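In each ligand, atom 1 is the first atom listed, and ligand 1 is the first ligand listed. What you see is a predicted model; the values in this text were computed from it and never measured.
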Amino acid sequence: MTSLFAEGLIENNIDKLLKAPKSDLHNHSTKGCRLKWVEEKTGHSFPAPPESFDGLDGMQKWFTTYVKPYCSGYEGIVLRWEGSFAEAGRNNIRRLSMNFGTEEIEFVGGMAKFREMIEGFHMKHCPESVFEPELTYISSRDMASASDAIDEYVNTGFFKSIDVCGGENIQPFEAFIPLYRKAEQYGLTKIMHVGESGTADDVKRAVEVLGLDEVHHGIGAASSKDTMRFLSDNHIQLNVCPSSNVMLRYAKDYEHHPIKTLVENGVEVTINTDDLLIFNSSIENEYLKLYKAGALSVDQLDEIRLRGLNGKREQQGFIYG
Ligand SMILES: [Zn+2]
């Protein structure tokens, strides 16, 4: 039996791909909406992003020059958050994990106000989606004080996972141990951005030192059979974002994207958007690009889609076809 999703890929049918249930588990909430959403709400027309950026700094510069001035401040951040949930509704994203920083939470008035607003957007735009909020910290932050102050954000049970993002090898992995220890006490799924620019060895070390359950990106692992076997044996899921990798030049193109090698070596991966507002490629398009480029087959992509929906986090026990 072919799924709606498989038909959508084979027929190049965007409508079927949009309707098929999907997940997005690596999504930076303030950049998780479409440019089109902001255009519709502000009346401003944005230029399409370039084919590639000059690293993370180049990406950030493009965003702060061309997009952010038109959706900044309190209203801008709220607009972008709402747009991220609207996209989940439009694209039938039935399992959604978005990450939020403590600075963003404080910016809108603290945990209680933040939570009420976010839950409101969830219920308004995609109430049938399983929503798993993620708390994220910038990798340059002082981790001792961050872990001391984490309780007020996680003791309500709102957040399901923890993440560190914003550049690799800024501090040694050991510096993050207090934060991940706290996260473990609260039963959070432990995730980190690693192996985007970093090496296979970085990915393995991060998992070993911090006891990670999942990795955001992790594509550097594709250069080492040893690391791929380690990830596969320990069922460490990599939440991969193809367009992000191609546009930031961490992957040559879609055809040769490391996800192909990872899948062929038994590593469990999911496909995600990272920053839709910047990379301008929504989730159905991420699958379609890999299929059209010949990187992965329909069956491989469908298996990845189902893993994203039925993933191991908390063993929710829901099954989608
Ligand atoms: Zn990311």
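Salt bridge annotation for Glu87-Arg90: present, with a cationic side-chain nitrogen under 4.0 angstrom from a carboxylate oxygen. One finds no salt bridge joining Lys160 and Glu134 here, because no Lys/Arg side-chain nitrogen approaches an Asp/Glu carboxylate oxygen to under 4.0 Å. Salt-bridge annotation for Arg141 and Glu103: present, with a side-chain N of the basic residue lying under 4.0 Å from a carboxylate O of the acidic one. Classification of Arg94 and Glu128 as a salt-bridged pair fails, no side-chain N sitting under 4.0 Å from a carboxylate O.
When the N, O or S atoms of Asp274 are ranked by distance to the Zn ion (ligand 1), OD1 comes first.
No donor-acceptor pair under 3.5 Å is formed between the side chain of Asp275 and the backbone N or O of Ile278.
Here Glu196 fails the criterion, with no N, O or S atom under 2.8 Å of the Zn ion (ligand 1). Distance check for His26 against the Zn ion (ligand 1): an N/O/S atom falls below 2.8 Å. The Zn ion (ligand 1) has no N, O or S atom of Cys165 inside 2.8 Å of it. At a cut-off of 2.8 Å, His28 is counted among the residues with an N, O or S atom near the Zn ion (ligand 1).
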